[in-house]
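Atoms considered below: every heavy atom in the structure, side chains included; atoms not considered: hydrogens, waters and symmetry mates.
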Amino acid sequence: MLITKADKATTKLLIFSVGKLYVAVPLDEVIKVIRTPEIFQSGEKTLGMSHFEGSEVLVVDLHREIMGGSLPSNRYLIVMQGEVEDLFGIPVSGLPIMKDVLLKNVHSITNEYRDRDTLGVASHMVQLPINNEVQTIFLLSSEKLLTIIRNQK
């Protein structure tokens with residue numbers, strides 16, 4: 001069997017949990033993971049605001065968006081680059097882990113499934129060992145995350 005460069009191609013993912021689900025974002029979209037600064041929120045919306053290095057960061061509470069309740073403790077904030085120069089962040093309870101993933105193991109999620117599932121912000125999935133068990137990791141779509149932000153402005 002011939003092994004090609006495509007068979008060896010990888011991408012780096014930053015993986016974290018949302019409730020009992022594992023989700024990931026591409027590392028090349030992440031600016032920095034920081035201790036959670038103060039997040040300003042009003043009401044029960046999933047959108048908040050914080051500051052990072054002198055810039056405003058819109059914060060998407062994925063736990064609330066997907067699971068229906070806020071995280072018990074937001075210990076870290078994943079700061080990501082949005083469209084143009086907008087920054088957005090995802091609060092997480094634990095330090096995310098980074099993994100190299102073979103691209104050939106990453107599979108698309110169909111629109112039909114995505115549109116009917118609670119996790120409508122995922123575009124792809126991959127199965128990886130985490131804590132000695134194979135877990136399904138849902139890759140978040142920046143485009144869908146930004147749609148959440150736009151819909152709540």
Side-chain angles (χ1 to χ4, degrees), residues 8-109 114 117-153:
K8 294 180 182 180
T10 63
T11 187
K12 291 186 185 318
L13 299 177
L14 200 61
I15 302 168
F16 53 97
S17 63
V18 175
K20 294 182 181 182
L21 297 174
Y22 283 99
V23 296
V25 292
L27 188 62
D28 61 356
E29 295 179 13
V30 174
I31 293 176
K32 201 170 194 179
V33 177
I34 59 173
R35 290 254 181 218
T36 301
E38 185 174 3
I39 297 173
F40 304 96
Q41 268 181 306
S42 62
E44 296 297 314
K45 298 222 177 211
T46 59
L47 192 62
M49 192 199 72
S50 192
H51 292 93
F52 167 72
E53 295 181 353
S55 297
E56 290 182 350
V57 177
L58 293 171
V59 178
V60 180
D61 187 343
L62 276 184
H63 197 274
R64 180 176 283 170
E65 179 74 19
I66 295 168
M67 300 298 185
S70 288
L71 283 170
S73 64
N74 297 330
R75 297 182 53 203
Y76 299 95
L77 184 67
I78 300 172
V79 180
M80 300 177 65
Q81 181 67 51
E83 295 177 344
V84 190
E85 295 181 23
D86 292 336
L87 298 178
F88 69 97
I90 303 169
V92 296
S93 61
L95 193 59
I97 58 174
M98 187 182 68
K99 287 209 180 243
D100 271 328
V101 176
L102 290 172
L103 286 174
K104 69 179 186 176
N105 294 335
V106 177
H107 306 285
S108 293
I109 296 174
R114 185 179 7 192
D117 189 65
T118 310
L119 192 64
V121 292
S123 61
H124 293 76
M125 59 187 255
V126 64
Q127 290 192 309
L128 297 171
I130 295 181
N131 299 328
N132 299 321
E133 284 187 50
V134 175
Q135 301 288 339
T136 299
I137 315 296
F138 294 95
L139 282 65
L140 301 178
S141 162
S142 295
E143 180 182 313
K144 293 285 186 181
L145 289 169
L146 290 170
T147 299
I148 293 171
I149 291 170
R150 282 187 212 108
N151 290 339
Q152 292 197 24
K153 280 188 175 181

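Counting heavy atoms from C-beta on, the side chains of V92 and V33 never come closer than 4.5 Å. By the 4.5 Å heavy-atom criterion applied to side chains, Y22 and I97 are not counted as neighbours. Side-chain contact between L77 and P91 is present, with heavy atoms from C-beta onward closer than 4.5 Å.
Applying the salt bridge (Lys or Arg N to Asp or Glu O under 4.0 Å) rule to D100 yields the partners K12; only residues at least two apart in sequence or on another chain are considered. Residues passing the side-chain contact (heavy atoms from CB on, under 4.5 Å) test with F52, sequence neighbours excluded: I31, K32, I34, V57, V79, L87. Legend: residues meeting side chain to side chain donor-acceptor pair (under 3.5 Å) with E56, ordered by chain and number and at least two apart, are absent.
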Could you pull out all donor-acceptor pairs under 3.5 Å where a side-chain atom in residues 124-133 meets a protein atom, sequence neighbours excluded?
unit_1 : atom_1 : unit_2 : atom_2 : d
H124   : NE2    : S108   : OG     : 3.3
Q127   : NE2    : T136   : OG1    : 3.1

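Note: D28 CG to L13 CG = 9.5 Å, rounded to the nearest 0.5 Å. Distance check: F88 CZ to I78 CD1 gives 10.0 Å after rounding to the nearest 0.5 Å. Between atom CG of residue L140 and atom CD of residue E29 there is a gap of 9.5 Å, rounded to the nearest 0.5 Å. A distance of 7.5 Å separates CD in Q41 from CG in L47, rounded to the nearest 0.5 Å. Atom CG of residue L14 and atom CG of residue L139 lie 11.0 Å apart, to the nearest 0.5 angstrom.
Of all heavy-atom pairs between M98 and L27, the closest is SD-CD2, 3.1 Å. The shortest heavy-atom contact between V23 and I137 is C-CG2, 3.9 Å.
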